[in-house]
Visitor: 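Sharing a structure with you now.
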Protein chains: 2
Amino acid sequence: MITVINMAKRKPGSPKICDCQGARKSRRREAVVEVLSSGPGHLNAEQIHKAAQKRLPGIGIATVYRALKCLCGCGKVSEFIPADGVARYEPAGSRAHHDHLICTACGCFTEAVDPEIERLQERLAAKHGYKISSHRLEIYGLCPCCSKKV
Amino acid sequence: MITVINMAKRKPGSPKICDCQGARKSRRREAVVEVLSSGPGHLNAEQIHKAAQKRLPGIGIATVYRALKCLCGCGKVSEFIPADGVARYEPAGSRAHHDHLICTACGCFTEAVDPEIERLQERLAAKHGYKISSHRLEIYGLCPCCSKKV
DNA sequence: TGGAATAATGATAACCGTTATCAATATGGC
DNA sequence: GCCATATTGATAACGGTTATCATTATTCCA
Ligand SMILES: [Mn+2]
Ligand SMILES: [Mn+2]
Ligand SMILES: [Zn+2]
Ligand SMILES: [Zn+2]
């Protein structure tokens, strides 16, 4: 689920949300964006931090978390939290919605979308009188690679 | 996702998994089962602890967590972790699989199943060469009650 | 039935991902 | 350059969960 930051509730003087919100530019946020857009998707904060340190050796983990919140807030990045409870991040904005197949053996992520499933979710929600704002579908199992290894 | 406890890896002398596994009977585990089977579903550990204390005033939170792990391990209870990261528990065993509609306003849970969605998930997984072991579908939005209040 | 073996328990420390705090630093408009 | 303030890094705090360990409860069998 994408963390939506409520702009209205921000205290004056607190950090701006992102470049697109009139905030100042910073090399750290740029580094985080570069890591996300160049590396493989579905990285967690620690992995992003390590990758960012190769570009900016002194960057702290708190700054990475702040940048991620920032970038999620303005839609450049999307966050999702799989069953292990550790948030993963992937570039968003130009990328379309998708669900995830997650391998229980190697932990890899495969992106997938079934338009019919998406439609049926709307139907299911409507049947129960719900107005959908978002959904989360994760399928756990063995990826093709790990299936062979058994 | 149900936490599966690997019996083969248990060290000798460590607590047995559950009554059904040859473990000793205990009033605390019984109390936790009673709370789960009598109360509303989708309670978290803290809520279960409070309810259990009304039956057994001295019961500790650690025992509740142990009992829940126990009961999940032998299939009497199922655990799922929604987007807030806090595990919820509901009686399982006799109950069939279902997905959840979760209200973003009041936090209530509605259980729902669409057989077609279930089938299409299998198809989607097969299309990507996955062997499904489990899945998680959560739909977030406004419940009928909260929709009216806007 | 009384112990011995050991499983279960409660208190609490530890853990881990994440967020808050705060003094120091970087940025941008003038 | 100067000032206002946004950003930063170090680190403490947080919240849910798990590990530790001494004490207590349960089971089994002599
Ligand atoms: Mn993805
Ligand atoms: Mn349920
Ligand atoms: Zn795999
Ligand atoms: Zn509601």
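Proteins come first, then strands; the chains are lettered A, B, ... in the order of their sequence lines, and each starts at number 1. Just so it is clear, the structure is predicted and the values come from calculations on it, not from any experiment.
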Visitor: Donor-acceptor check, side chain of R119(A) to backbone of D114(A), threshold 3.5 angstrom: yes or no?
Guide: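 Absent.
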
Visitor: Which heavy-atom pair separates L36(A) from I48(A) by the least distance, and what is that distance?
Guide: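 Smallest heavy-atom distance, with atoms named: CD2-CD1, 3.7 Å.
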
Visitor: For the side chain of Y65(B), starting at C-beta, report the closest nucleotide among dT17(D), dG17(C), dT27(D).
Guide: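 Nearest nucleotide to the side chain: dT17(D).
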
Visitor: Quick one: list whatever passes side chain to side chain donor-acceptor pair (under 3.5 Å) with H49(A), sequence neighbours left out.
Guide: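 Side chain to side chain donor-acceptor pair (under 3.5 Å) check on H49(A) returns Q53(A).
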
Visitor: Which residues pass the side chain to side chain donor-acceptor pair (under 3.5 Å) test with N44(B), not counting sequence neighbours?
Guide: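 Per chain and number, N44(B) pairs via side chain to side chain donor-acceptor pair (under 3.5 Å) with no residue.
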
Visitor: For a quick check under 3.5 Å, do H98(B) and E90(B) share a side-chain donor-acceptor pair by atom type?
Guide: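 Indeed, the side chains of H98(B) and E90(B) share at least one donor-acceptor pair under 3.5 Å.
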
Visitor: Rounded to whole angstroms, how far apart are CZ on R27(B) and P on dT26(D)?
Guide: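 Answer to the nearest Å: 8 Å.
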
Visitor: Identify, residue by residue, the members of residues 39-46 of chain B with a heavy atom below 4.0 Å from DNA chain C, and return them in order of residue number, or none.
Guide: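 Correct list: empty, so none.
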
Visitor: Return the value, rounded to whole Å, for the distance between atom NE2 of H49(B) and atom C1' of dT18(D).
Guide: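 To the nearest whole Å, that distance equals 15 Å.
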
Visitor: Between the side-chain atoms of R28(A) and the base atoms of dG9(D), is any donor-acceptor pair under 3.5 Å?
Guide: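 Check fails, no donor-acceptor contact within cut-off.
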
Visitor: Measure the distance from CG on D84(B) to C1' on dT17(D) and round it to the nearest whole Å.
Guide: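 It works out to 14 Å between those atoms.
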
Visitor: Tell me whether the side-chain N/O atoms of S26(A) come closer than 4.0 Å to OP1 or OP2 in dT8(D).
Guide: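 Checking S26(A) against dT8(D): at least one side-chain N or O falls below 4.0 Å of OP1 or OP2.
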
Visitor: Among the candidates dT8(D), dT6(C), dA4(D), find the nucleotide nearest to the side-chain atoms of R24(B).
Guide: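 Per side-chain heavy atoms of R24(B), the pick is dT6(C).
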
Visitor: Between R136(B) (side chain) and I81(B) (backbone), is there a donor-acceptor pair under 3.5 Å?
Guide: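 Confirmed, R136(B) side chain pairs with I81(B) backbone.
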
Visitor: Could you check which residues of residues 51-62 of chain B get a heavy atom under 4.0 Å from DNA chain C? Sort them by number, please.
Guide: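 Nucleic-acid contacts, sorted: G58(B), I59(B), G60(B), A62(B).
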
Visitor: Any side-chain N or O of T63(A) under 4.0 Å from OP1/OP2 of dT7(D)?
Guide: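 Answer is no, no contact under 4.0 Å.
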
Visitor: Please determine whether a side-chain nitrogen or oxygen atom of R66(A) lies at a distance below 4.0 Å from atom OP1 or OP2 of dT7(D).
Guide: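 No, R66(A) has no side-chain N/O under 4.0 Å of OP1/OP2 on dT7(D).
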
Visitor: Whole Å only: how far is the NZ atom of K25(A) from the C1' atom of dT5(D)?
Guide: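 So the two atoms are 18 Å apart, to the nearest Å.
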
Visitor: Of all residues at least two apart in sequence or in a different chain, which pass the salt bridge (charged side-chain N to carboxylate O under 4.0 Å, His left out) check with K50(A)?
Guide: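 By the salt bridge (charged side-chain N to carboxylate O under 4.0 Å, His left out) rule, K50(A) matches E46(A).
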
Visitor: Please check this pair: side chain of S133(B) against backbone of Y140(A), looking for a donor-acceptor N/O pair closer than 3.5 Å.
Guide: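 Between the backbone of Y140(A) and the side chain of S133(B) there is a qualifying donor-acceptor contact (under 3.5 Å).
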
Visitor: Specify the separation, in whole Å, of atom CZ of F80(A) and atom P of dT18(C).
Guide: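 F80(A) atom CZ is separated from dT18(C) atom P by 12 Å.
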
Visitor: Which of these nucleotides, dG16(D), dT27(D), dT18(D), is closest to any side-chain atom of K69(B)?
Guide: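 Selected nucleotide (nearest to the side chain): dT18(D).
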
Visitor: At what angle, to 10 degrees, do the two end axes of the helix from dT1(C)-dA30(D) to dC30(C)-dG1(D) meet, given five pairs define each axis?
Guide: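 Roughly 20°, once rounded to the nearest ten degrees.
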
Visitor: Is it true that K69(B) and E79(B) have a side-chain N and a carboxylate O under 4.0 angstrom from each other?
Guide: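 Here K69(B) does not pair with E79(B) in a salt bridge, since their nearest N and O are not under 4.0 Å apart.
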
Visitor: Just how far, in rounded Å, is C1' of dT19(C) from CD1 of I81(A)?
Guide: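 From I81(A) CD1 to dT19(C) C1': 13 Å.
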
Visitor: Is there a path of hydrophobic side-chain contacts, each under 4.5 Å between heavy atoms, that joins Y65(B) and I59(B)?
Guide: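 Cluster IDs for Y65(B) and I59(B) differ.
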
Visitor: What is the separation between atom CD1 on I48(B) and atom P on dG16(D), rounded to the nearest whole Å?
Guide: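 Distance check: I48(B) CD1 to dG16(D) P gives 13 Å.
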
Visitor: Parallel, tilted or perpendicular for H100(A) and F109(A), by the 30°/60° rule?
Guide: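 Judged by the thresholds at 30° and 60°, the geometry between H100(A) and F109(A) is perpendicular.
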
Visitor: For the pair R55(B) and E34(B), find out whether any cationic side-chain nitrogen is under 4.0 Å from an anionic carboxylate oxygen.
Guide: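 Judged by the 4.0 Å cut-off on N to carboxylate O distance, R55(B) and E34(B) do form a salt bridge.
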
